[in-house]
Amino acid sequence: MITERLTDDKVGISRAAEILQKGGIVAIPTETVYGLAASAFDGEAIKKVFAAKGRPQDNPLIVHISNMEMLYEVAKDIPKTALKCAEKFWSGPLTMVLPSNGRVAPEVSAGLSTVAVRMPSNKTALDIINKSGLPLAAPSANTSGRPSPTTASHVENDLDGKIDGIVLGSDCTVGVESTVISFCTNPPRLLRPGAVTAEQLREIIPDLAVDKAVLAEPEKGARVASPGMKYKHYAPKTETYLVEGDSDKFIEFVNSKNDGVAVCFSEDADKITVQKLIYGTADDESTLAHDVFSVLRKIDTLGENKAYIHSPSKTGVGLAVYNRLIRASAFKVIKL
Ligand code: AMP
Ligand code: MG
């Protein structure tokens, strides 16, 4: 299949909407990561999304909407707290799992009675949803298991020739996928951390629970609330370790290794004598979120046997970065 390159202007947006209305699949920019979009009402189109990504069938997709009316086209019995969260955090990187009204194709929710919904803030994404008039199911536009795509060229590397179109928009500003919270449990539960932090959510939901899968490996065979959290994810081919400890210990540790690349904070880079990749500054976790997936993709280009990534803090947006990195390192954590 030839993948159409589309511009992120009126012409490209109209063409993307047309392809989506006809049951095609198109990669689109959002503020979190690039998404691979299809009509949430079209089961055949959704099947193409799963096939292009190689995504396991039991991992449901997030439905992207552009206004509050669309929320009622896909969900029902929406709790008041969820509406408060929508008011505070939409448009933006928050996904809410709600009771489905049964209208989205069953493939979207992987057969569950719930539906995950988000209103992105990226203007191109909103314009495409508006123009198509459709809620769009859109998982990250990467090959399943690979780091999520934060630039159009990441998408091309993974999916060129497998999808109908790519909208060539700007790089993603947030860089990690949305926060996912379920309102189908009591109390509501954080399933995946993102740029809307647990601390911010607790201002509206003081008793917010945090799913075990956020910080640790789910037990083998255990039922997980968010099916996506049980899969190996974001993994470079290089054997990757997450290293917890202060800067002095990290620097000493990586400098003693001769077979690896250090993924470090910018403030420590000068003192590191082995091959290194910088992924932002420890003091501003949003810089780490912004670059983490690009850095994970770069690791494999350096030809080293191992990668040692300096762990961020587990607070604020740091929790989202930590959550992705324990998966990228297949839960291999070294505590110094
Ligand atoms: P991605 O589309 O790649 O960003 O992944 C979507 C994430 O949202 C995965 O971790 C899914 O398991 C989760 N998700 C989507 N829909 C639901 C749902 N109905 N219930 C629980 N988790 C969901
Ligand atoms: Mg994904």
Side-chain angles (χ1 to χ4, degrees), residues 25 27-38 40 46 49-50 52-65 71 74-78 82 93-118 120 125 135-150 154-155 158-159 172 174-185 188-196 209-214 218 222-235 289 292-293 296-297 320 323-324 326-328:
I25 60 175
I28 64 170
T30 83
E31 72 278 19
T32 56
V33 302
Y34 270 74
L36 179 56
I46 301 299
V49 168
F50 278 90
K53 282 179 59 71
R55 184 174 173 105
Q57 301 286 335
D58 67 345
N59 191 5
L61 310 183
I62 294 170
V63 175
H64 293 68
I65 60 172
L71 177 60
V74 299
K76 65 175 185 186
D77 304 335
I78 300 161
L94 178 70
T95 295
M96 301 199 279
V97 176
L98 297 163
S100 169
N101 66 9
R103 286 193 57 207
V104 298
E107 292 83 1
V108 170
S109 291
L112 300 171
S113 59
T114 55
V115 63
V117 192
R118 168 168 117 81
L136 298 178
S140 49
N142 54 326
T143 301
S144 213
R146 294 258 297 147
S148 296
T150 55
H154 293 162
V155 180
D158 281 14
L159 298 179
C172 302
V174 173
V176 290
E177 306 89 337
S178 58
T179 305
V180 180
I181 134 169
S182 176
F183 285 94
C184 298
T185 58
R189 178 175 289 256
L190 178 71
L191 301 181
R192 179 174 74 183
V196 171
V210 176
D211 200 81
K212 272 203 239 156
V214 166
R223 249 185 72 92
V224 285
S226 180
M229 288 287 110
K230 74 181 180 209
Y231 292 108
K232 188 175 166 196
H233 249 89
Y234 320 123
V292 64
F293 286 132
L296 286 173
R297 279 180 184 252
N323 170 275
R324 306 316 187 268
I326 45 173
R327 287 174 171 75

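Counting starts at 1 for both ligands and their atoms, in listed order.
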Practice item. Before signing off on this row, confirm whether K53 and ligand 1 have an N or O atom pair separated by under 3.5 Å. Key: no
Review point. Any N/O of S109 closer than 3.5 Å to an N/O of ligand 1?
Key: no
So, for [X] and [Y], which heavy atoms are closest and what is the spacing to 0.1 Å?
X    : Y    : answer
Y234 : S148 : CE2-OG, 3.6 Å
S182 : T185 : O-OG1, 3.7 Å
A141 : G35  : CB-C, 3.6 Å
P139 : R55  : CB-NH1, 3.6 Å
K76  : S100 : CE-O, 3.4 Å
A195 : P93  : CB-CG, 3.9 Å

Check your understanding: So, does R327 use its side chain to make a donor-acceptor pair with the main chain of N323 at under 3.5 Å?
Key -> yes
Check your understanding: Between the side chains of S178 and T32, does any donor sit under 3.5 Å from an acceptor?
Key -> no
Which atoms of ligand 1 have any heavy atom of [X] under 4.0 Å away?
X    : result
N59  : 9 (C), 11 (C), 12 (O)
A116 : 15 (C), 16 (N), 17 (C)
R192 : 1 (P), 4 (O), 5 (O), 6 (C), 7 (C)
R55  : 1 (P), 2 (O), 3 (O), 5 (O), 6 (C)

Less than 3.5 Å apart, which donor and acceptor atoms pair up between the side chains of residues 108-116 and the rest of the protein, not counting sequence neighbours?
from: S109; atom 1: OG; to: T114; atom 2: O; distance (Å): 2.7

Point to revise | Minimum non-hydrogen distance to atom 15 (C) of ligand 1, winning option of P139, P56, P60 | key: P60
Check your understanding: Is any side-chain N of the basic residue among R118 and E177 closer than 4.0 Å to the acidic one's carboxylate O?
Key -> no
Exercise for review: Please list, in chain and residue-number order, the protein N/O/S atoms closer than 2.8 Å to the Mg ion (ligand 2).
Suggested key: S140 OG
Practice item. Determine whether the side chain, the backbone, both or neither of T114 has a heavy atom under 4.0 Å from any heavy atom of ligand 1. Key: both
